[in-house]
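Both backbone and side-chain heavy atoms feed into the values below; hydrogens, waters and symmetry mates do not.
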Amino acid sequence: MTLEPGSVDIIQLAWARRLGIDDGAFAAAAGERITRADEEARAVQFIRLFGNSVLVGPQWALDAAAGLSDGELAQHVTLLTITRDHGGHGLGAAALFFADDLPLQQPSEDLTVSHGNPEAVELEAACPPDDVNEVGLSDLEHRFTIMHVEEGRRTPVACGAYTEWEGILAQMGVLVAPEWRRRGLGSLAASIAAHEALASGLTLQWRSDVSNQGSLAIARSLGFTAGGIQTSVLLG
């Protein structure tokens with residue numbers, strides 16, 4: 001699906017506030033890279049968003065990146081290289097997707113959906129640590145966990161969740177128990193959370209590691225629009 005006119009401006013406004021730059025910085029950039037020096041930054045971040053780019057980090061990182069193209073800075077290895085002497089490590093590159101409306105997915109059978117935190121915690125315990133860390137359910141305030149009920153036992157099988165960014169974006173995440181994957185439950189859980197967020201007047205944001213094919217596939221199947229990339233490294 002395509003974004004409505006004005007949605008890109010709303011998305012860039014949320015990111016401008018998130019990155020600590022002026023509200024109108026994206027509009028004024030005219031294709032030139034935006035930079036913000038932050039000597040207290042614990043990470044270096046490069047964001048490419050609908051044709052405009054931002055680099056935030058200590059001044060030494062901005063200086064090191066001055067001669068590099070946006071395409072180079074979007075590569076995680078580039079940021080690792082320029083931060084090597086400052087302990088640069090971790091994080092990586094994530095694709096950014098957005099939506100201001102989505103088709104409603106209908107379940108094939110009646111479902112029980114829990115809004116409670118204990119069910120989400122139980123689901124995390126059943127999933128690989130790398131998946132748990134990438135999705136970060138504990139950081140997503142609104143959780144919608146699909147429960148499998150059999151012989152009176154309730155088991156969490158998938159959770160779609162979101163949290164608000166700057167009162168504008170719904171940063172989303174989905175986690176599915178390993179034995180319940182490839183059954184469409186991730187897309188269904190994401191759809192449930194997405195429509196709750198849309199009903200609250202938020203624009204949807206999906207962030208996925210560029211190597212996470214399952215997460216990328218869910219975003220595309222739901223109808224999200226690709227909007228850019230975020231590449232980051234932590235500083236030692």
Worked check of side chain to side chain contact (heavy atoms under 4.5 Å, CB included) between Leu49 and Ile11: CA-CA 9 Å; Leu49 197 63; Ile11 293 164; 4.2 Å; yes
Starting at [atom1] of [X], measure out to [atom2] of [Y] and round the result to the nearest 0.5 Å.
| X | Y | atom1 | atom2 | value |
| --- | --- | --- | --- | --- |
| Leu175 | Leu185 | CG | CG | 12.0 Å |
| Leu235 | Asp85 | CG | CG | 12.0 Å |
| Thr203 | Asp101 | OG1 | CG | 10.5 Å |
| Asp209 | Ser215 | CG | OG | 8.5 Å |
| Gln171 | Arg18 | CD | CZ | 8.0 Å |
| Glu122 | Arg154 | CD | CZ | 9.5 Å |

Checking the side chain of [X] only, and the main-chain atoms of [Y] only, is there a donor and an acceptor separated by less than 3.5 Å?
| X | Y | result |
| --- | --- | --- |
| Thr78 | Ala74 | no |
| Asp22 | Gly24 | no |
| Arg33 | Leu55 | no |
| Ser69 | Glu72 | yes |
| Ser114 | Gly116 | yes |
| Arg48 | Asp70 | no |

Same hydrophobic cluster for [X] and [Y], using side-chain heavy-atom links shorter than 4.5 Å among ILVMFWY?
| X | Y | value |
| --- | --- | --- |
| Leu137 | Met172 | no |
| Leu73 | Ile229 | no |
| Val135 | Leu216 | no |
| Ile34 | Leu79 | no |
| Tyr162 | Leu198 | yes |

Trp15 and Gln205 side chains, donor-acceptor separation under 3.5 Å: yes
For Ala94, all residues meeting side-chain contact (heavy atoms from CB on, under 4.5 Å), sequence neighbours excluded: Arg207
Any residue meeting side-chain contact (heavy atoms from CB on, under 4.5 Å) with Ser7, in chain and number order, not counting sequence neighbours: Leu3, Glu4, Asp100
Other residues, nucleotides, ligands: >12 heavy atoms within 6.0 Å of Glu166 CD: yes
Atom CD of Glu32: over 12 foreign heavy atoms under 6.0 Å: no
Ring geometry between Trp180 and His148 (parallel below 30°, tilted from 30 to 60°, perpendicular above 60°):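 His148 vs Trp180 ring planes: tilted.
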For [X] and [Y], work out which heavy atoms get closest and say how close.
| X | Y | result |
| --- | --- | --- |
| Leu123 | Ala158 | CD2-C, 3.8 Å |
| Ala95 | Val210 | N-CG1, 3.8 Å |
| Ser187 | Leu222 | O-CD2, 3.6 Å |
| Gly160 | Val174 | CA-CG2, 4.2 Å |
| Thr145 | Cys159 | OG1-SG, 3.4 Å |
| Gly20 | Arg36 | O-CD, 3.1 Å |

Show me the donor-acceptor pairs, under 3.5 Å and distance only, between side chains in residues 57-65 and residues at least two apart or in other chains.
{"from": "Gln59", "atom 1": "NE2", "to": "Asp63", "atom 2": "OD1", "distance (Å)": "2.8"}

Thr155 and Glu150: CA distance, side-chain angles, deciding distance, side chain to side chain contact (heavy atoms under 4.5 Å, CB included) verdict: CA-CA 8 Å; Thr155 303; Glu150 185 175 356; over 6 Å; no
Validation row: [X], [Y] side chains within 4.5 angstrom (heavy atoms):
| X | Y | value |
| --- | --- | --- |
| Pro178 | Arg181 | yes |
| His195 | Leu102 | yes |
| Arg17 | Asp23 | yes |

Side chain to side chain contact (heavy atoms under 4.5 Å, CB included) between Val233 and His76, intermediate numbers included: CA-CA 8 Å; Val233 293; His76 188 226; 3.4 Å; yes
Intermediate values then yes/no, side chain to side chain contact (heavy atoms under 4.5 Å, CB included), Phe26 and Ile21: CA-CA 9 Å; Phe26 280 103; Ile21 59 179; 4.1 Å; yes
Partner of Phe98 under ring pair (Phe, Tyr, Trp, His ring centres under 6.0 Å), chosen from Phe224, Trp206, Phe50: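 Of the listed options, the one satisfying the test is Phe50.
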